[in-house]
Amino acid sequence: MNRTHALAFSSVVFALSVAVRGGDLNPPVGPVAETHKTLTEVEPRRPIGQENVPFVISAPGSYYLTGPLEPTAAGQTAVTIASSEVTLDLSGFSIRNSPVFAFTTGVLVSGTRSSIAVSNGVVRGTTTNGINTSAAVDAALTDLRVNSCGNNGFLTGPSTILTRCTSSNNFFDGFETGANNSLSDCSAFSNDGVGCDLGLSNSARGCTASANLGRGFDAGNRSTLTACTADGNGGIGILTGTGCVVADSTAAGNGAEAGMFLGNASTARNCTSQGNSGGGFDSSSAGLSSFTNCTALSNGSFGFNLSDSSTATGCTASFNTTDGFVASADAVMTDCTATFDDGEGFAVGSTCTLSGCTASNNASFGFDVGEACELSRCIARNNGSSGFNLGTSSRASDCMARDNDGDGFFTAENCSLTDCTAHSNDGGVQTGDGFTLAEGSSTVGCTATANADVGFESFGRNLIVGCVSKDNLSFGMRISNNGSRVDSCLMRGNGTFDLRVDGANNQIIRNRWSTFTTAIFNAVGDIQNATDNSNFHLDQAWANFDF
């Protein structure tokens, strides 16, 4: 290679090398701009250390702890937030007492602020509230633990979101919240006051209140609790104001009046109240409450106590110390069950409606209802007293009483029974009638079989039409007073007489029996022997048949 070619080749290699290693061969005119990030850009948050105590945040921004904070003098607040739009990360550290002093408050929002976020740390042993954001709107508190404070653990303002926060061993409440707060997966335990004292229109999901000396949850009007648990609190497990909803929640082992106590027009759905020292579910001081698919089990008093015009649907009360269901006037119960309660299955006031309900193995009455109640498709079985004890002017249809220790049906005056059945009610220490009817009652299409005493026992001017009485130990029917009508009934196989009439002015027509006895002064249709054709007269429409 000659010298000219060598120089040309070297120039090409050098140019390529510069292009690869040196960047742009035609840089812009002017000084070269700086390309490195500043320290603030690398870590935009502002540190707070022990040397800064007490610290006041007076400008928007993001702040974080570099270590635990302890007070250096009495009366200090660890961190005061005196600005809106502040994020404070405790970085997993604690705000705690020193060997000599205690903070007054761990984190305090001062003045009316908004968009405050505090997260990830512990506040312990302050002399007042642990975290106080009551002056803040639209705050977020996340992954915080507060304990052993001299007042409340958390004190919040309106529209605060609390997530995975825990408050324990505080002198007052665990959480005391403002309006429109939202709590999820939070826990309050062993506080000397209420676990979660919730303001108006709060929502709590997946939260727990346990072993607090006061109530577990005290929810303000229009609040919603979902999948929450109140366990072992000294007061009511869950107490609500007006218009609240409690769903998929549990109250167990709480003290005072009840596991759950609902306010006016409040609702409980798919909830359980178990082993509380008082009742299971209570709405007795308010009206229009509703319970759906709830269970009251082994409580120290009633299972359910329903206020005026309240409803229970698909609910169960079992093994409670007193009555399964207690209700005031105008309550409605549908498809509910009371079993093995130490009192009555259903003890309800006037003008109540019960449909498809079952009372079994309760210590006293299956159904003990007040004046003018309506019962349909209800079952009373194996109860310690009468199956049904009906108040004045009450009505029962398609109901069954079986194997109770008292009467199947025992009525006050002017009751109406249609298509009901009383079977094998054995009396125990009581009479064991299938039906015991007071003055002015009517029984249509009913059946009494295999009861320990009388099938139908009538006291007063009653109507018994189209009924069947068979295989009862004593009388099929006994009419003890005056002015009753027994019409189109079938009586046979009863132990003493199929029909015995002791009173006067009774009308006995179109019946069939095997044995019959009557006092004088009764209107008895001609008795024809159904097996003797010579004594059979088709023209006697009022005739009774002896077979």
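Everything numeric here is computed off the predicted structure, so don't read it as measured data.
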If we ignore angles and hydrogens, is there a donor and acceptor under 3.5 Å between the side chains of Asn320 and Asn299? yes
Side chains of Arg113 and Ser84: is there a donor and an acceptor less than 3.5 Å apart? no
Lys/Arg N to Asp/Glu carboxylate O, Asp403 vs Arg381, below 4.0 Å: no
With heavy-atom distances below 4.5 Å as the criterion, would you say the side chains of Phe281 and Cys271 are in contact? yes
Please round to the nearest 0.5 Å and tell me the distance separating atom SG of Cys149 and atom CG of Leu155. 11.5 Å
Looking only at the side chains, is there a donor atom on one of Thr229 and Thr250 sitting less than 3.5 Å from an acceptor on the other? no
Does any part of the side chain of Asn180, heavy atoms only, come nearer than 4.5 Å to the side chain of Asn202, both counted from C-beta? no
Residues Thr242 and Ser266: closest non-hydrogen pair is C-OG, 3.9 Å
Return each pair, listed once, that meets side chain to side chain donor-acceptor pair (under 3.5 Å) where at least one residue sits in residues 357-367; pairs must be two or more places apart or across chains. Asn362-Asn383
Look at the aromatic rings of Phe291 and Phe304 and report parallel, tilted or perpendicular, splitting at 30° and 60°. perpendicular
Taking the six-membered ring for Trp, are Phe388 and Phe367 parallel (under 30°), tilted (30 to 60°) or perpendicular (over 60°)? parallel
Under 4.0 Å between a Lys/Arg side-chain N and an Asp/Glu carboxylate O for Asp89 and Arg45? yes
Whether the side chain of Thr133 engages the backbone of Val109 through a donor-acceptor N/O pair (distance < 3.5 Å, no angle test) should be reported. no
Under a 3.5 Å threshold, yes or no: a donor from one side chain and an acceptor from the other, between Thr80 and Thr77? no
Testing the 3.5 Å rule here: is there a donor-acceptor pair between the side chains of Asn276 and Ser273? yes
Candidate list Asn132, Asn129, Thr128, Thr126, test side-chain hydrogen bond (donor to acceptor under 3.5 Å, both in side chains), partner Thr105, passing option: Thr128
